[in-house]
**Q** 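One structure, pasted below without further comment.
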Amino acid sequence: MYLEIITPDKKVFAGEVDAAQFPGTNGSFEVLDMHAPLISTLESGRVRITTKKGQEFFFVDGGVVEVLNNNIIVLAESVED
């Protein structure tokens, strides 16, 4: 899957991932390869991505995530590594 994490200021992450976990408004959820399409709002919290190199964590301060055609786009208000 291809993931992009974007803030109003910059593109924080762009690349292939095996899995991504998000702090959804109605609870945490994980997106895996070929996930069904979805749009969700995000609470402030930790985003965990799993790549071939291991795991990375980002802290988002709210936003929106869209999953469509094996692409994930996160539009976050702000992000910290």
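All of these numbers come straight from a predicted model, not from anything done at the bench.
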**Q** Which pairs with one or both residues in residues 31-51 pass ring pair (Phe, Tyr, Trp, His ring centres under 6.0 Å), sequence neighbours excluded?
**A**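 Applying ring pair (Phe, Tyr, Trp, His ring centres under 6.0 Å) to every pair that reaches into residues 31-51, excluding sequence neighbours, yields nothing.
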**Q** Test question: given the 4.5 Å side-chain rule for I, L, V, M, F, W and Y, name all other residues clustered with Val74, or answer none.
**A**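 Answer for Val74: Met1, Leu3, Ile5, Val12, Phe13, Val17, Phe22, Phe29, Val31, Leu38, Leu42, Val47, Ile49, Phe58, Val60, Val65, Val67, Ile72, Val79.
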**Q** Name all pairs fulfilling the ring pair (Phe, Tyr, Trp, His ring centres under 6.0 Å) condition that reach into residues 60-81, sequence neighbours left out, sorted by first residue then second.
**A**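 Not a single pair qualifies under ring pair (Phe, Tyr, Trp, His ring centres under 6.0 Å).
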**Q** Any side-chain hydrogen bond (donor to acceptor under 3.5 Å, both in side chains) pairs touching residues 65-77, not counting sequence neighbours?
**A**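 Sorted result for residues 65-77: Asp33-Asn70.
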**Q** Please find the pair of heavy atoms, one from Ala76 and one from Pro8, that lie closest to each other, and give the distance.
**A**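 Closest pair (atom of Ala76, atom of Pro8, distance): O-CD, 3.3 Å.
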**Q** So, using side-chain contact (heavy atoms from CB on, under 4.5 Å) as the criterion, who are the partners of Arg48 when residues are at least two apart?
**A**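 Result, side-chain contact (heavy atoms from CB on, under 4.5 Å) vs Arg48: Gln21, Glu30, Thr50, Gln55, Phe57.
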**Q** Looking at residues at least two apart in the chain, or sitting in another chain, which of them share a side-chain contact (heavy atoms from CB on, under 4.5 Å) with Thr41?
**A**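 Listed in chain order: Thr25.
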**Q** Got a sec, which residues hit side-chain contact (heavy atoms from CB on, under 4.5 Å) with Lys11, two or more places apart in sequence or on another chain?
**A**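 side-chain contact (heavy atoms from CB on, under 4.5 Å) list for Lys11, sorted by chain: Glu4, Ile6, Ala14.
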**Q** Output all residues satisfying side chain to side chain donor-acceptor pair (under 3.5 Å) with Glu43, sequence neighbours left out; order by chain, then residue number.
**A**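 Once residues adjacent in sequence are excluded, Glu43 has no partner under the side chain to side chain donor-acceptor pair (under 3.5 Å) criterion.
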**Q** Identify, with sequence neighbours excluded, every residue that meets salt bridge (Lys or Arg N to Asp or Glu O under 4.0 Å) alongside Lys52.
**A**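 Partners of Lys52 under the salt bridge (Lys or Arg N to Asp or Glu O under 4.0 Å) test: Asp18.
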**Q** More than 12 non-hydrogen atoms from neighbouring residues, nucleotides or ligands closer than 6.0 Å to CD on Glu16, yes or no?
**A**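 Count over threshold, so yes.
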